[in-house]
Visitor: 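The structure follows.
Chain letters run A, B, ... following the sequence lines, proteins first and then strands; every chain starts at 1.
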Amino acid sequence: MDGTADSREGMLSRMALNDNKAGMEGLDRDKINNIILEASKGSRFYVNEVKKEQQVNERIGKMMRHKAKLTEQQIQKAQLSAELEMGRELGRVIVHVDMDAFYAAVEMRDCPELKDKPMAVGSMSMLSTSNYHARRYGVRAAMPGFIAKKLCPNLVIVPLNFDKYTAVSEQVREVFAAYDPHFLPMSLDEAYLDITEHLHERQHWPESMRSYKSCDNEVPVETDNLSPVLFEDSPSSSPSLPGSDGKVEVFGTSPEEAVREMRFRIEQKTSLTASAGIAPNMMLAKVCSDKNKPNGQYSILPERQAVMDFIRDLPVRKVSGIGKVTEKMLAALDIFTCAQLGQQMRVLSLLFSETSWHHFLQISLGLGSTRIERCVTLPALSIRVTEPLPLSEM
DNA sequence: TACATACAC
DNA sequence: TATGGTGTATGTA
């Protein structure tokens, strides 16, 4: 009944390497998992993980028995879909920006010797993040350093410099604010922005307000005549003219160009790269920001068809809010992609709570929040004494 | 209400 | 030697 094979399989789903992240494609999973397993076996953590795994398996068993007993019930899913479809909002331009391997990138910037080595930030007990070189060995955020060392003996582990990351984060947030003063920070290294208003204004901006010099810090190139009032923080001392020194880049007025410009300014200011996603809602923007990481961006056009094309083959696990447990429960129902999620709504509405299946339905339709709300989270953020460690800012 | 689970960073 | 800390949301007893 217990079945060692079964519990071992199940354990792997919790303990095994999570390669669902950028920079970890094409690894030798079996080899890596064996090392992780060997290092973990017998520990209290291991025993606890096995226990939790069995609980999830029981939950799935219960769900499957329930499913087998289902009678053909009619539900009004079609009607709800239609209502949601009518309310679909495509008019906002939502951006999710995410710094690439943030802590590791800061440490590499400040210590060039680390640049070509596999390195991670954290301790022997826990890593906060790793650089892309280390990821080739399966070393990633949320992994204990001692296990990472087994995977990659040459790994350099740098302790956290939290104050430094906070300071850099402030610099990055200054750039965010230029595109959306109400942006929503999710952690030190990532945020949601609604750049709809910015884009409206930007339409009327002259090129000079969209021009940036490669070597200079964050200020548009100064030309003699045009609205200098708008550049309060530009240095009046040395107005750099196009062609005088570094190359001047002119950014366009489209959403993609605005975001390219924002990433350019972040890099000029901090020497760190960011990735971004542009989409009509937060759920999609978040997925998009991961698509061309590191140092890239991806956008979904504000059209229903573009959204549905994007959603179709998207693995459900990529969606924020779908974690490993939900992934496994859905997998037991042969649901792996968002399209399959949509096809199975009838069953899902019977097996899951109302809030859960409503959420699933929204995902399957490519819907998400179109207003970023800061007021709700702001008090919580200000109370916080220490920022939680981002364990997956890759 | 209190506690447990899932999820995010 | 060693597998985080904190907040939110949701479900259940």
Visitor: In terms of side-chain heavy atoms of Ser187(A), which of dA2(C), dC9(B), dA6(B) is nearest?
Guide: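 Of the candidates, dC9(B) comes closest.
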
Visitor: Can you name the one residue among Arg263(A), Arg260(A), Arg265(A), Lys213(A) that meets salt bridge (charged side-chain N to carboxylate O under 4.0 Å, His left out) with Glu249(A)?
Guide: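 One option only clears the test, and that one is Arg260(A).
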
Visitor: Please report the distance, rounded to the nearest Å, between CE in Met126(A) and C1' in dC9(B).
Guide: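 In whole Å, dC9(B) C1' and Met126(A) CE are 13 Å from each other.
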
Visitor: Tell me yes or no: between the side chains of Ser275(A) and Asp100(A), is some donor less than 3.5 Å from an acceptor?
Guide: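 On atom types as modelled, these side chains qualify, holding a pair under 3.5 Å.
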
Visitor: Is there a donor in the side chain of Glu83(A) and an acceptor in the side chain of Gln79(A), or the other way round, less than 3.5 Å apart?
Guide: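 Yes, because at least one side-chain N or O of Glu83(A) sits under 3.5 Å from a partner of the opposite role on Gln79(A).
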
Visitor: With sugar-phosphate meaning primed atoms plus P, OP1 and OP2, does Ser353(A) contact a base, only sugar-phosphate, or nothing at under 4.0 Å between heavy atoms?
Guide: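 If one applies the 4.0 Å heavy-atom cut-off, Ser353(A) turns out to touch the sugar-phosphate alone, with no base involved.
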
Visitor: Report the distance from atom CZ of Phe352(A) to atom P of dA9(C), rounded to the nearest whole Å.
Guide: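 From Phe352(A) CZ to dA9(C) P: 21 Å.
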
Visitor: In terms of side-chain heavy atoms, does Gln305(A) have a donor or acceptor partner in Asp309(A) at a distance below 3.5 Å?
Guide: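 Side chains of Gln305(A) and Asp309(A): pair found under 3.5 Å.
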
Visitor: Tell me what Lys324(A) touches on the nucleic acid: a base, only sugar-phosphate, or nothing, going by heavy atoms under 4.0 Å.
Guide: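 The answer is sugar-phosphate, as Lys324(A) gets under 4.0 Å only of primed atoms, P, OP1 or OP2.
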
Visitor: Starting from P on dC9(B), measure out to CG on Asn18(A) and report it in whole angstrom.
Guide: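 After rounding, the gap between these two atoms is 12 Å.
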
Visitor: Residues two or more places apart in sequence or in another chain: which of them pass side-chain contact (heavy atoms from CB on, under 4.5 Å) with Asn292(A)?
Guide: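 Tyr298(A).
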
Visitor: Is the phosphate of dT10(C), meaning OP1 or OP2, less than 4.0 Å from a side-chain N or O of Thr355(A)?
Guide: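 For dT10(C), OP1/OP2 do not have a side-chain N/O of Thr355(A) under 4.0 Å.
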
Visitor: Using whole Å, what does the distance between atom C1' of nucleotide dT3(C) and atom CZ of Arg44(A) come to?
Guide: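 Taking atom C1' of dT3(C) as the reference, CZ of Arg44(A) is at 12 Å.
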
Visitor: Determine the contact category for Ser123(A): base if any of its heavy atoms lies under 4.0 Å from a base atom, sugar-phosphate if only primed atoms, P, OP1 or OP2 are that close, otherwise nothing.
Guide: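 Nothing, no heavy atom under 4.0 Å.
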
Visitor: Could you tell me whether Ile147(A) contacts a base, only the sugar-phosphate backbone, or nothing, with contacts defined as non-hydrogen atoms closer than 4.0 Å?
Guide: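 Ile147(A): base contact, heavy atoms under 4.0 Å.
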
Visitor: What is the separation between atom CD on Glu58(A) and atom P on dT5(B), rounded to the nearest whole Å?
Guide: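 For the pair Glu58(A) CD and dT5(B) P, the rounded distance is 12 Å.
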
Visitor: Considering just the side-chain nitrogens and oxygens of Lys286(A), establish if one lies under 4.0 Å of OP1 or OP2 belonging to dC9(B).
Guide: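 So the side-chain polar atoms of Lys286(A) do come within 4.0 Å of the phosphate oxygens OP1 or OP2 of dC9(B), strictly under.
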
Visitor: Pairing donors with acceptors under 3.5 angstrom, does anything connect the side chains of Lys115(A) and Asn131(A)?
Guide: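 The criterion, which ignores hydrogens and geometry beyond distance, is not satisfied for Asn131(A) and Lys115(A).
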
Visitor: What is the distance, rounded to the nearest whole Å, between atom CZ of Arg14(A) and atom P of dT3(C)?
Guide: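 Answer to the nearest Å: 16 Å.
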
Visitor: Quick one: the side chain of Ser356(A) and the base of dT10(C), do they pair up donor-acceptor inside 3.5 Å?
Guide: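 Absent.
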
Visitor: Just how far, in rounded Å, is P of dA2(C) from CE of Met124(A)?
Guide: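 From Met124(A) CE to dA2(C) P: 12 Å.
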
Visitor: What pairs with Asp19(A) under salt bridge (Lys or Arg N to Asp or Glu O under 4.0 Å), at least two apart in sequence or on another chain?
Guide: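 Only Arg29(A) meet the salt bridge (Lys or Arg N to Asp or Glu O under 4.0 Å) criterion with Asp19(A).
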
Visitor: Find the distance Leu188(A):CG to dC9(B):P and express it as a whole number of Å.
Guide: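 Taking atom P of dC9(B) as the reference, CG of Leu188(A) is at 13 Å.
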
Visitor: I'd like to know whether Phe251(A) forms a ring pair (Phe, Tyr, Trp, His ring centres under 6.0 Å) with Phe264(A), so could you lay out the CA-CA distance, the side-chain angles of the two residues, the decisive distance to 0.1 Å, and finally the verdict.
Guide: CA-CA 10 Å; Phe251(A) 294 90; Phe264(A) 177 88; 5.4 Å; yes

Visitor: Pick base, sugar-phosphate or nothing for Val319(A), based on heavy-atom distances below 4.0 Å to the nucleic acid.
Guide: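 Sugar-phosphate contact only.
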
Visitor: Counting side-chain heavy atoms from C-beta on, which of dT3(C), dC7(B), dC9(B) comes nearest to Val325(A)?
Guide: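 That would be dC7(B).
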
Visitor: Just to be sure I understand: a Watson-Crick pair is purine N1 to pyrimidine N3 plus N6-O4 or O6-N4, both under 3.5 Å. Using that and G-U wobbles, which stems of three or more pairs involve DNA chain C?
Guide: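 DNA chain C forms these stems: B:1-9 with C:5-13.
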
